[in-house]
Amino acid sequence: MKNRYPAHIGRIVCETRGRNAGVFSVIVGQIDNNLVLIADGDKRKFDRPKKKNINHLHLYNYVSPEVKNSILQTGRVTDGKLRYALHTFRSFYLAREEGTH
């Protein structure tokens with residue numbers, strides 16, 4: 001099964017395989033076409049991102065502008081911004097998506 005959306009820095013993802021299945025994270029780097037680096041700012045900090053196969057992630061059509069701009073401008077992002085991005089995603093995007101079903 002192919003992911004519908006291409007991987008981008010700042011894109012919110014949900015792990016579908018492995019021990020952390022169901023955990024939301026943010027893409028903070030891309031190694032190649034198949035591997036990305038993800039972090040959530042809580043258990044998985046930006047300084048130690050997790051390398052993950054993109055086929056083992058569910059990509060949402062939501063990119064955090066704060067995270068994307070910070071990484072593109074400075075090359076890094078604070079863990080607080082990652083947590084804020086995930087909180088915003090859960091509050092607005094998922095709530096809106098659940099309301100439409």
Side-chain angles (χ1 to χ4, degrees):
M1 179 176 138
K2 292 278 186 186
N3 290 309
R4 296 185 307 199
Y5 309 108
H8 288 97
I9 302 293
R11 185 173 300 277
I12 305 295
V13 298
C14 182
E15 296 184 51
T16 58
R17 304 260 172 89
R19 161 175 48 177
N20 293 330
V23 174
F24 290 97
S25 298
V26 182
I27 295 177
V28 296
Q30 187 161 359
I31 298 172
D32 59 23
N33 288 338
N34 293 324
L35 295 174
V36 293
L37 299 173
I38 60 172
D40 65 4
D42 187 24
K43 293 187 189 311
R44 182 59 69 170
K45 309 281 187 191
F46 175 78
D47 293 331
R48 294 189 52 116
K50 183 178 191 178
K51 187 180 356 176
K52 195 78 174 163
N53 185 329
I54 201 152
N55 295 320
H56 297 173
L57 298 171
H58 175 73
L59 302 174
Y60 286 92
N61 191 20
Y62 180 87
V63 177
S64 169
E66 297 91 2
V67 173
K68 181 178 180 179
N69 292 336
S70 180
I71 291 175
L72 293 178
Q73 290 174 358
T74 65
R76 60 179 296 109
V77 67
T78 64
D79 292 322
K81 278 188 185 176
L82 291 173
R83 289 189 301 268
Y84 175 77
L86 290 170
H87 173 73
T88 303
F89 172 75
R90 284 187 193 107
S91 304
F92 298 106
Y93 188 83
L94 284 183
R96 187 172 20 135
E97 194 174 80
E98 289 173 1
T100 61
H101 290 263

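None of the values given here were measured: they were computed from a predicted structure.
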Legend entry - Residue pair G10 / V67: nearest heavy atoms and the distance that separates them: CA-CG1, 4.0 Å
Inset, instruction - Would you give the length of the straight line joining atom CG of L35 to atom NZ of K51, rounded to the nearest 0.5 angstrom? - result: 6.5 Å
Legend entry - Taking every non-hydrogen atom, the tightest pair across I12 and L86: CD1-CD2, 3.9 Å
Inset, instruction - Taking side-chain contact (heavy atoms from CB on, under 4.5 Å) as the test, write out the residues that go with D47, two or more places apart. - result: R76
Legend entry - For N33, all residues meeting side-chain hydrogen bond (donor to acceptor under 3.5 Å, both in side chains), sequence neighbours excluded: none
Inset, instruction - State yes or no: do F24 and V63 share one hydrophobic cluster built from I, L, V, M, F, W and Y residues joined by side-chain heavy-atom distances below 4.5 Å, directly or via other members? - result: no
Show the atom names and distances, to 0.1 Å, of all donor-acceptor pairs under 3.5 Å that link a side chain in residues 37-45 to residues at least two apart or in another chain.
unit_1: D40; atom_1: OD1; unit_2: D42; atom_2: N; d: 2.8
unit_1: D40; atom_1: OD1; unit_2: K43; atom_2: N; d: 3.1
unit_1: D40; atom_1: OD1; unit_2: R44; atom_2: N; d: 2.8
unit_1: R44; atom_1: NH1; unit_2: R48; atom_2: O; d: 3.1
unit_1: K45; atom_1: NZ; unit_2: D42; atom_2: O; d: 3.3

Inset, instruction - List in chain and number order the residues that pass side-chain contact (heavy atoms from CB on, under 4.5 Å) with T78, two or more places apart in sequence or in another chain; answer none if no residue qualifies. - result: K81
Legend entry - Sequence-distant partners of S25, side-chain hydrogen bond (donor to acceptor under 3.5 Å, both in side chains), two or more places apart: none
Inset, instruction - Would you check if the side chain of S91 reaches a backbone N or O of H87 as a donor-acceptor pair within less than 3.5 Å? - result: yes
Inset, instruction - Output, in order, the C-alpha distance, side-chain angles, deciding distance and verdict of side chain to side chain contact (heavy atoms under 4.5 Å, CB included) for L57 and R17. - result: CA-CA 7 Å; L57 298 171; R17 304 260 172 89; over 6 Å; no
Inset, instruction - Locate the shortest heavy-atom distance separating E66 from Y84; write the atom from each residue and the value. - result: OE2-CE2, 3.9 Å
Inset, instruction - Look at the rings of Y93 and F89 and say which category their plane angle falls in: under 30° parallel, 30 to 60° tilted, over 60° perpendicular. - result: parallel
Inset, instruction - Identify whether V26 and Y62 are in the same connected component of the hydrophobic contact network (ILVMFWY, side-chain heavy atoms under 4.5 Å). - result: yes
Inset, instruction - Give a yes or no on this: more than 12 heavy atoms of other residues, nucleotides or ligands lie within 6.0 Å of atom NZ of K52. - result: yes
Inset, instruction - Decide yes or no for L59 and I54: does some side-chain heavy atom of the first lie under 4.5 Å from some side-chain heavy atom of the second? - result: yes
Inset, instruction - Could you pull out all residues at least two apart from F46 that satisfy ring-ring contact (aromatic ring centres under 6.0 Å, His included)? - result: none
Inset, instruction - State the CG-CG distance between D32 and N53, to the nearest 0.5 angstrom. - result: 9.0 Å
Legend entry - Joint hydrophobic cluster, I31 plus I9, side-chain heavy atoms closer than 4.5 Å: yes
